[in-house]
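Values in this document were obtained by computation on a predicted structure and should not be read as measured data. Chain letters run A, B, ... following the sequence lines, proteins first and then strands; every chain starts at 1.
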Amino acid sequence: MDYQFKEIERKWQQFWAGHQTFKADNNSSKPKYYVLDMFPYPSGAGLHVGHPLGYIASDIFARYKRLKGFNVLHPMGYDSFGLPAEQYAIQTGQHPAITTETNINTYRRQLDQIGFSFDWSREVRTSSPDFYKWTQWIFMQLFNSWYNKAADKAESIEKLVKHFETNGSAGIDAVCDEDILSFTAADWKAMSNHQQQEELLKYRLTYLRESTVNWCPALGTVLANDEVKDGFSERGGYPVEQKKMMQWSMRITAYAERLLQGLDTIDWPEPLKEMQRNWIGKSIGASVKFRIAKGQMRNEEDKNSAIGIPASDFIEVFTTRVDTIFGVTFMVIAPEHELVPFLTTPEQKAEIDAYIAQTKKKSELDRMADAKTVSGAFTGSYVINPVNNEKVPIYIADYVLAGYGTGAVMAVPSGDQRDYLFAKHFDLPIVPIIDIQKIETEADPTKEGRYINSDFMNGLNYKEGTAKVIEFLEQKGVGKAKVNYRMRDAIFGRQRYWGEPVPVYFKDDLPHLIDEKDLPLLLPEIDKYLPTETGEPPLGRAHGWSYKPHPNPPREGGLPAHEAGSYRETADPVYYEQLKDFSRENRKQPTEAENILWQLLRKDQTGYKIRRQHAIGQFIADFVSLQKGLIIEIDGHHHKLNKEADDARTEILNHLGFEVIRFTNDEVLESPQGTFEIIKQKLNALPERDKSLFTGEAALSNGKVSPTGGDLEGAEAGFEYELSTMPGWAGSSWYWYRYMDAHNDKEFASKKAIEYWKDVDLYIGGSEHATGHLLYSRFWNKFLVDMGWAFEEEPFKKLINQGHIQGISEKIYRTRGIGNMMWYPGNSQPIYNPTPDGEVYIIFYSADFARESSELQLLNLPIGFCENSKLHIDKYLDWAGLKIDDVIFVTKDSFLFKGQWFEKNKDQIDLSYSPVTSNKPFFTKPEVEKMSKSKWNVVNPDDIIARHGADTLRMYEMFLGPLEQSKPWNTNGIEGVFKFLRKFWKLFHDDQFNFRVSDEAPSKAELKSLHKIIRKVEEDIERFSFNTSVSSFMIAVNELTDLKCNKRAILHDLVIVLSPYAPHISEELWELLGNKAGSLSYAPYPKFNPEYLVEDDFAYPISINGKMKLNLNISLALEPADIEKFVLESPDVQKYLDGKTPKKVIVVKGRIVNIVI
RNA sequence: GCUCGGGUGGUGGAACUGGUAGACACGCAGGACUUAAAAUCCUGUGAUCCUAAAAGAUCGUGCGGGUUCGAUUCCCGCCCCGAGUACCA
C-alpha cells in the first residue's frame, strides 16, 4: 500500500493515548527535562495554523530529549478563565463554563490529531475548582506576607506583628505604602484590632488601594488596559472613562530589583529581556527636597479651610542628573500634584484652574499628539534651591506625569530639551553649567566637560561633581541618592464574573481571608453576567454570596438535605434554556455506550422514567431519574484523566440532591446488562423524592449553592464576600508547578515533586506575554521561593519566542464609477482615481484552505460583525480619503454580499463575477496581518491534516522558516514536504508497495548519508533550527533513494532520527521493521560516528584574487606547502596565471586556496 | 524620538566562529511515461553579455564607504520594513 497517512496517524494516536506512552514519571533515575508550552486560552475559533507552531517545536524537542534518555515532562492545559467567554455569555446568556468546555473539546480534538506527545494525565484548567483552589491559596499567602528589605525577601506577616509588639515600627525596612505610621510597641498594643489591621494592610503583598480603572459604561464593565485602544474599547469601540475604585493590588514593586537582576541569569531572547528591563524602568539618580518659599503658600491664610493642611512644606523631586542642580531655573509639577491647590496664589488661580480644566479634557490621544507643543501655567509660588538658596518659580505642566517619580521635576533648561522649550516659551532663564555646553538653539545634555556657574562644583567632572553634590545634599538632609523604578504595583482584580473569586470577605470594612479549609471558594451562579443595577461587579448578583467563617462539619457519607430547592435553582432562565438546547443536540448524537444503555433504560424497563441528556443545574446529566434523584454518568476515556473535575461536579450534583453513579464507556460496552442491573438495584434502593422539588416552581431567589459547600445560612452571618474576581494572569502565574503534581489535593504541588522537576528547562511561547505573564510569573515564583515552597529563583531557564504566523487578508476596493480603479497584480500600491461620489468597499477573504469554510462562516455572520469590521476599515478610509457605506465579503471566486448596500443592489449584482481575473472596477490589495477570527483570514489546521496528514503539517510548519520569525501563512511548499514523506515511505517498500528491507551490510556512501543526518539533526535541534533539519532530511532521503538503499541497518537509525518530526510514519515503519510497537518513543538516539564522514580528498575551490574560478581535487593529507605546489602546477591554474608569478598564495587546509596575482 | 529585530533569486528560505552565495523546497520551462489527465520520474532555472555548442566574461546578498588575500558575515554613515515603547525627569 502507498503511504496511507490517515490510517497510520489514527492508529498511532490511539496507541499513544491508550498506552499512556508519554506519561511522565515523578520518580525516575533519568535526568529530568521539562518542556513547557504557553497554554492556550480556548477561544471559540479553535486552533488556527499559527497556534501549533510553537507546540510542534516543543514537541520535537520533547521527543528528541526522550530519545536522548531524559525523563521528559511535556504537559498541556488551558488558561480557561477570560473575557471572550464572558463577553459571549453577556450576549447570549450562555454560561461561560459551557462555552469554555465546548471550546476546550474543540482544542483537544485539534491538538490530538497533530500527534503531540503531551502527558494529558497532568492536564490543568485554570477555571477548574481544583486548580483555582490553589490560585486562591497563593493569594492568601501573599496577603499574609510582607517584604522585608533588610532580608531582601518576603516574610510572614506574623513576624511583622511580633516586631511591632516588641519594638514598634522602629527598625522595620519594608516595601509598603507611603503613609505608614510611626509607633512604639506600646502604641501598637494600644491600637484597636481594626487600627492594627488597617496598618498591616499597608505592608501586605496583596493589599487594597484606590486605583483608577477603565470603566466602559456602554459595556457596563471594567476593561483591562490591553482591551482599551486609544480611549475606546477594543470590542465594540465604545468610549472608556477613568474611574477610581478600591482595588486589590500586588506589591510586585517589592521584587523590582530581583526581577531585574534575574534577567542576567536566564537564557531568554534579548529583545524580551529588554522589554522587561524597560518595563521595570530602573533609573539611578537622587531625590531632592526643595523647600517652598515662605510667605508664598496660601495655607498661611487657609490653614483651617476645607481643603486642609498640605502634607509638607517642601516639594520632592527625582532626578537622574542631580549634578545639574545649579542649572535649575524653575520647577514644574504635574497638574494633578497634591500641593497645587496650596501653591496657587489668588492672582494665578484663574490661570491654573483653566489649565487644569484643559488638561482634564484632553484624552490620552490628544496629549500624545500635543507632545511637542509647550503648555503650562505659573502657580505664583516659589521654591528655594537648596544648593544656592535661589528662589525659583513653580509651574504646572502636563509634560510632567503624576504617576512617575514624585510628579515633580527640577527644570534644568540648559540640559533637558523639554525644560529648554518650556523656558523659551515662558521666557525663563537658561543657565549653562558645563564649560563645553552649546545651548544657543537647544539643550545640551552632555556629561563631558567641567562644571561652571556651580559654586563648589566648579571645575569638577561629571563623576566628581555628582558625588560631591549628593554628599552636600545628604549633609543638609535635603536629598539622597535614590533608585527609582517605573514599574507600578499590579492591579489584581477585575469587576468581572469569569475569573477566580477572591477568597476574602469583609467585616467592619476590613478584608479578611476565608478559612483555608473552605477553599476552593467556588464561583457562584448568577442570573446575568453584567454588573448589578447599583454598579457592583457581577458577583453582586449572586444570592447567598456571603461567608460564614465556620461552616458545617463535613458531611458524613450520606446525602445532603434534599430540601435545598429545585434542581433548576442554579440556572437562570436564559441559561437554562440554552442548556436544554444543548441537551437536545446531544440526544441526537449519542455515543455507542449511551445508545446501548438507553435501549435498556427506556420504555420503563427499570420501572422508573429515565430521561437522557437532561439539564440539571449547570450540567447536562447523561441519564437521570428525577423521581429517585439518581444521575447516571457514562464517562469517556477523557473523563478518566479528569477525575478531580468529575468529583467536583458530583459534589455539586450531590448538593442539589442527586445521587450520582458513574460508569466508564468500556464498562457499559463490555457488559450492558450488568450495568443495567446495577442501575436498577440502585433505583430500587433509593427513596422516592418529593415531587415538588422537581416542578421547577421553586423561586430562583430561594438561594443558591453556598460556596462553603452546602450551607445556606451564610447570608445570615452577614459578612460580604469580595465581589471582584482575579485578573487573567492569576492562574498562569504558577501553573507550571501544578503540572508537576496535578492531582495533589493537599498542596499546590508536593515538595518532592517540585524538588524533582525544579524549573522549566525550555519554555516556548509568544513575545506578547513579555511584560504580562512572564513578569508576573517570575514575581510569584520568587515569592514561592521566599516562602520555601519552590527552589529556583527563576522559573523558566530557557525561553524561545515562536514567531507569529500571519494571515493574508485580501482587501478589495471598489468605486461606484466604472473603470476608474484598476488592480494590477504585483503593484504594491493600488492605482486609484476616486469618482466625485466615490465610495469604497472593503472585503476580507481568507486564502487557501480556509476558503470554503469561511464562505460558510460568512453566511452565518454573527451580529456585530459588521460593526467590528468597520473599526478595522476606518484606517483604510483615512488612507483613501473616502467614506464607506458598506462592507462586502468575498472569496476568490464569488462575492457574498451582506448589509444595506447589498439589499439595495442585489438585483444588479453579477454573483459569478470574479474580482481577481476581471478588469471590472475592483481592485484588491493583499495585506499581511495577524491571523484572527475577526479578520476572516484564519487558516485551520484540520483542512491541512485532512489533505496531507499531521506529519506533513508538523514538518511543513517547521520548514516554513526559522521558528522565531514571523511569517505569513501560505501552503505553497506543502507538496514538497508531503512528497518527501512518500519518498521516505518508499525507501522501505518495493514498487508494488510491499514492505521490503535488506539485511545486507550498508555501503560507505549509505553510512555517510546516515551519519550526516544524525549529526545535523542533533546540532539543529539543540539550536532550535528546525527548518534546516527538514531540508537535511530531504537531502538524506534523496541520497538514499539515489543509492536505492533499503538496508535495515540504515533505515532503523533513520526512523529514530526522523521520529521527533514525523512521529506517526516513523512509528509505523518502526513496527514494520520488526520492533515492539510504541518502543520508538524511548529508543536510544543513534550515536554519531565521525569516521563515516572522513574524506580522503577534497575539491578545493581555487580563487584568483578572491574570485572562485575552479575546483581541484586534492588529498586532504597534503600540507599547505604541497597543496600550493600542486595547485600552481596544475594546467588549469596555469591558464589563469598567464605566465605571471603570483604575488601571494593563501592556503587554508580543507577550505580554500586563493592566489593573488 | 528611543530600544530591539530584519532587508539574500519569481517565492519561502540555506550559508557553523570571514573561506565555493543561492542548500532544500515551491513556482516556472522543457522532456519521459500515459488515449488523456492525475501521479511519478528526468533536465534546466540569479541577472547580463558572448558562443553553433562546449566553454567563457562581467555584475550580483538594501545603499555608500572602509578593513582583509578574501566580506551576506566585521567596522563607519545612510535608506527602507517589522516589533516594542514613549513627554520617565
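For B:rG84, the OP1/OP2 oxygens have no side-chain nitrogen or oxygen of A:Gln276 closer than 4.0 Å.
Per the geometry, CE belonging to A:Met1108 stands 13 Å off P belonging to B:rU58, to the nearest Å. In this structure, A:Lys983 places its NZ atom 11 Å from C1' of B:rC42, rounding to the nearest Å.
Aromatic rings of A:Tyr3 and A:Phe984 (six-membered ring for Trp) have centroids beyond the 6.0 Å cut-off, not under it.
In a base pair of the Watson-Crick type (N1 to N3 plus N6-O4 or O6-N4) or a G-U wobble (N1-O2 and O6-N3), with each distance short of 3.5 Å, B:rU35 is matched with no nucleotide. Partner assigned to B:rG19 is B:rC69, using Watson-Crick or G-U wobble distances below 3.5 angstrom. Under the Watson-Crick and G-U wobble criteria, each requiring two contacts below 3.5 Å, nucleotide B:rC28 is paired to B:rG44. Nucleotide B:rU85 forms a pair with B:rG1, judged by Watson-Crick or G-U wobble geometry with both contacts under 3.5 Å. If you check B:rG60 for Watson-Crick or wobble pairing at under 3.5 angstrom, you find it has no partner at all.
Within the 3.5 Å criterion, the main-chain N or O of A:Phe978 finds no donor-acceptor partner in the side chain of A:Thr952. Under a 3.5 Å cut-off, the side chain of A:Asp444 and the backbone N or O of A:Gly415 do not form any donor-acceptor pair.
B:rG27 and B:rU11: their C1' atoms are spaced 7 Å apart (whole Å). As rounded to the nearest Å, B:rG7 and B:rG12 have P atoms that lie 12 Å from one another.
No donor-acceptor contact under 3.5 angstrom links the side chains of A:Asn484 and A:Ser283, judged on distance only.
A:Asn1111 comes within 4.0 angstrom of a nucleotide base, judged by non-hydrogen atoms across all strands. Residue A:Pro269 is out of contact with every strand shown, counting any heavy-atom pair closer than 4.0 Å.
Taking 3.5 Å as the limit, the base of B:rC26 and the side chain of A:Asn972 contain no donor-acceptor pair of atoms between them.
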